[in-house]
There are 2 protein chains.
Amino acid sequence: MNAPALSQARCGDCPIRHRAVCARCNADELEELDGIKYYRTYEAGQPIIWSGDVMNFVGSVVSGIASLTQTMEDGRTQMVGLLLPSDFVGRPGREGAAYDVAATTDVVMCCFRKKPFEELMERTPHIAHRLLEMTLDELDAAREWMLVLGRKTAREKIASLLAIIARRDATLTPGGATNRMVFDLPLTREAMADYLGLTLETVSRQISALKKDGIIELEGKRHVTVPDMRRLMEEAGDDSDGGFLG
Amino acid sequence: MNAPALSQARCGDCPIRHRAVCARCNADELEELDGIKYYRTYEAGQPIIWSGDVMNFVGSVVSGIASLTQTMEDGRTQMVGLLLPSDFVGRPGREGAAYDVAATTDVVMCCFRKKPFEELMERTPHIAHRLLEMTLDELDAAREWMLVLGRKTAREKIASLLAIIARRDATLTPGGATNRMVFDLPLTREAMADYLGLTLETVSRQISALKKDGIIELEGKRHVTVPDMRRLMEEAGDDSDGGFLG
DNA sequence: GTTCCCGGTTGATCTGGGTCAAGGATGATG
DNA sequence: CATCATCCTTGACCCAGATCAACCGGGAAC
């Protein structure tokens with residue numbers, strides 16, 4: 001893979017409150033991170049890691065959206081996770097990457113060199129603890145997605161995805177989830193298809209159908225208004241919190 | 001849920017080398033577990049935990065097979081994990097169960113009361129560490145399964161499942177995986193269908209097809225011989241290690 | 001402006017797997 | 001032994017979603 005632009009920065013520069021390790025960005029042990037932490041930026045479409053590559057860093061997404069995908073020899077692909085700001089990338093204690101990671105939009109990552117990070121983890125149990133919690137969250141999310149992939153119809157799949165994206169935006173928006181929600185799709189139709197185990201044509205058709213039925217409104221191809229979140233949730237086939245972020 | 005038979009036992013009685021916490025069964029901190037550890041048995045078909053139930057224990061499977069399933073209001077179900085001997089159940093730090101857990105065959109569980117277990121985890125970092133590793137394994141497995149659910153054909157799904165079960169048996173069998181493998185299916189056709197996002201009729205048909213094509217041989221409904229594992233792997237659609245155990 | 005390109009839409013048709021329905025085997029029970 | 005229940009198999013048919021193909025629209029390059 002190609003080498004993206006790399007910039008060094010002190011911890012205090014962390015632009016957001018990270019959910020995991022970086023959540024400690026202003027805390028005591030952070031002093032120890034000087035010199036092992038840096039930022040990287042990736043352009044939309046760029047690969048971040050290839051499955052099987054040796055990963056010599058861990059990190060978390062600062063801005064933008066990255067995707068985890070698995071690929072078969074014949075080219076069939078399945079997206080197995082979406083990485084949103086504050087999500088963690090990397091597997092302490094593992095050598096290689098398990099899946100392809102790519103930037104879906106422009107992405108800024110906050111990285112830590114792996115070795116020192118692991119040593120830090122040894123010394124500070126609550127970091128390991130936080131990491132375990134995040135991993136459990138991701139596991140829940142992945143298993144919830146298994147239900148979507150295995151048992152839901154195309155329409156339900158689309159509604160589930162829209163609900164997740166809306167809910168994600170809600171957590172980033174002061175005020176949070178309301179009945180009416182407005183957001184931009186951060187994914188192409190093709191990426192949505194890869195996420196949902198569908199073809200892009202089916203994605204397009206089902207979005208059109210949801211629009212025709214008044215479940216959503218569309219402005220351009222990406223800007224979505226959901227006039228009534230409850231109706232969208234019904235279309236998704238369950239009332240569950242349904243939060244796949246992993 | 002009903003209360004299954006419960007028997008107390010000292011740690012030294014642990015019948016197998018557990019992969020995770022129980023891996024410490026003969027180690028120092030185990031002394032501390034006296035009184036918070038016990039065994040439970042469940043009959044095939046019995047529920048172990050309902051999704052949403054308060055879970056006051058964690059534990060690991062000693063013998064038998066348990067399944068994790070998610071269910072929609074209308075009854076559609078998706079199995080999201082198989083728990084084999086040595087697999088861990090429970091979520092330190094979480095109140096409720098996230099999915100239904102049920103005994104697929106007769107199951108013996110080695111349980112720890114949750115509170116004391118969590119306290120023990122606080123004090124002994126390497127248990128937390130081991131737990132993180134196991135959770136990462138399960139996450140990998142779940143994501144691998146997402147590829148199966150989202151993109152593979154019915155025939156590939158069946159082959160993938162057979163390959164996983166064969167490989168699991170191989171790890172339990174001295175000698176390990178060979179070209180020729182013989183094992184018993186621990187799942188009904190319906191359970192396989194729930195695991196694979198198919199109907200039981202399709203499962204049955206595809207198994208018949210694999211038999212007709214000489215990929216597998218069947219004796220009765222459950223006893224399977226795979227004359228050539230490589231051919232089965234090809235049918236599964238990838239050469240990957242494909243290990244979904246979680 | 002014109003052209004090109006890329007992401008998206010829509011239509012026509014095909015098909016894998018779902019659905020509905022009718023047996024078949026095996027093993028438990030009286 | 002007959003009965004019954006469970007699990008499994010197989011057939012006939014149907015439909016949701018895949019496939020193949022044509023076209024649209026907006027933005028970047030010339």
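Note: hydrogens, waters and symmetry copies are ignored here, and every other heavy atom, side chains too, is used. Chain letters run A, B, ... following the sequence lines, proteins first, then strands; residues in each count from 1.
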Seminar exercise, completed: Contact check, residues 215-226 of chain B vs DNA chain D, heavy-atom distance under 4.0 Å, returns Lys221(B), Arg222(B)
Exercise. Who passes side-chain contact (heavy atoms from CB on, under 4.5 Å) against Glu234(B), sequence neighbours left out?
Worked result: none
Exercise. Thr77(A): what forms a side chain to side chain donor-acceptor pair (under 3.5 Å) with it, not counting sequence neighbours?
Worked result: Asp194(A)
For this session: Quick one: closest heavy-atom pair of Tyr38(A) and Phe57(A), and the distance?
Result: OH-CB, 3.5 Å
Name each donor-acceptor pair under 3.5 Å that joins a side chain in residues 97-104 of chain A to protein atoms two or more places apart or in another chain, with its distance.
unit_1	atom_1	unit_2	atom_2	d
Tyr99(A)	OH	Arg91(A)	NH2	3.3
Tyr99(A)	OH	Asp140(B)	OD1	2.8
Tyr99(A)	OH	Arg143(B)	NH1	3.1
Asp100(A)	OD1	Ser51(A)	N	2.7

Exercise. Between the side chain of Glu235(B) and the main-chain N/O of Ile215(B), is any donor-acceptor distance below 3.5 Å?
Worked result: no
Problem set entry | Heavy-atom closest contact (Arg180(A) atom, Glu217(A) atom, distance) | NH2-OE1, 3.9 Å
For this session: Work out which heavy atom in Pro85(B) is nearest to a heavy atom in Gly64(B); give both atom names and the distance.
Result: CD-O, 3.4 Å
Donor-acceptor pairs are to be reported for all side-chain atoms of residues 219-228 of chain B against protein atoms at under 3.5 Å, with residues two or more places apart or in another chain.
unit_1	atom_1	unit_2	atom_2	d
Arg222(B)	NH1	Leu185(B)	O	3.1
His223(B)	ND1	Asp184(B)	OD1	2.8
Asp228(B)	OD1	Arg230(B)	N	3.0
Asp228(B)	OD1	Arg230(B)	NE	3.4

Problem set entry | Donor-acceptor under 3.5 Å (Lys152(A) side chain, Ala236(A) main chain) | yes
Exercise. Taking any atom under 4.0 angstrom from a heavy atom of chain B, which nucleotides of DNA chain D are the first and last to qualify, 5' to 3'?
Worked result: dC8(D) to dA12(D)
Exercise. Under 4.0 angstrom, heavy atoms only, what part of the nucleic acid is Gly197(A) near: base, sugar-phosphate, or nothing?
Worked result: sugar-phosphate
Problem set entry | Leading and trailing nucleotides of DNA chain C with any atom under 4.0 Å from heavy atoms of chain A | dG8(C) to dA12(C)
Problem set entry | Short side-chain to backbone donor-acceptor contact, Trp145(B) and Leu196(B), under 3.5 Å | no
Below 3.5 Å, can you tabulate the donor-acceptor pairs from side chains in residues 199-210 of chain B to any protein atom, sequence neighbours excluded?
unit_1	atom_1	unit_2	atom_2	d
Thr199(B)	OG1	Thr202(B)	N	3.3
Thr199(B)	OG1	Thr202(B)	OG1	3.1
Ser208(B)	OG	Ser204(B)	O	3.1

For this session: Assign each of Leu198(B) and Leu200(A) to its nearest nucleotide of DNA chain C by heavy atoms, then name whichever residue's nucleotide is nearer the 5' end.
Result: Leu200(A)
Seminar exercise, completed: Hits for side chain to side chain donor-acceptor pair (under 3.5 Å) against Arg231(B), two or more places apart or cross-chain, chain-then-number order -> none
For this session: With a 4.0 Å heavy-atom cut-off, tell me which residues in residues 202-210 of chain A come close to DNA chain D, sorted by residue number.
Result: Thr202(A), Arg205(A)
For this session: Identify the heavy atoms of Leu84(B) and Val61(B) that sit nearest to each other, and give their distance.
Result: O-CB, 3.6 Å
For this session: Give one of base, sugar-phosphate or nothing for Thr188(B), where a contact means two heavy atoms less than 4.0 Å apart.
Result: sugar-phosphate
For this session: Please round to 10 degrees the angle between the axis of the first five pairs and the axis of the last five pairs in the helix from dG1(C)-dC30(D) to dG30(C)-dC1(D).
Result: 30°
For this session: Not counting sequence neighbours, which residues clear side chain to side chain donor-acceptor pair (under 3.5 Å) with Thr153(B)? List them please.
Result: Glu156(B)
Exercise. Does Arg76(A) use its side chain to pair, donor to acceptor, with the backbone of Arg151(B) at less than 3.5 Å?
Worked result: yes
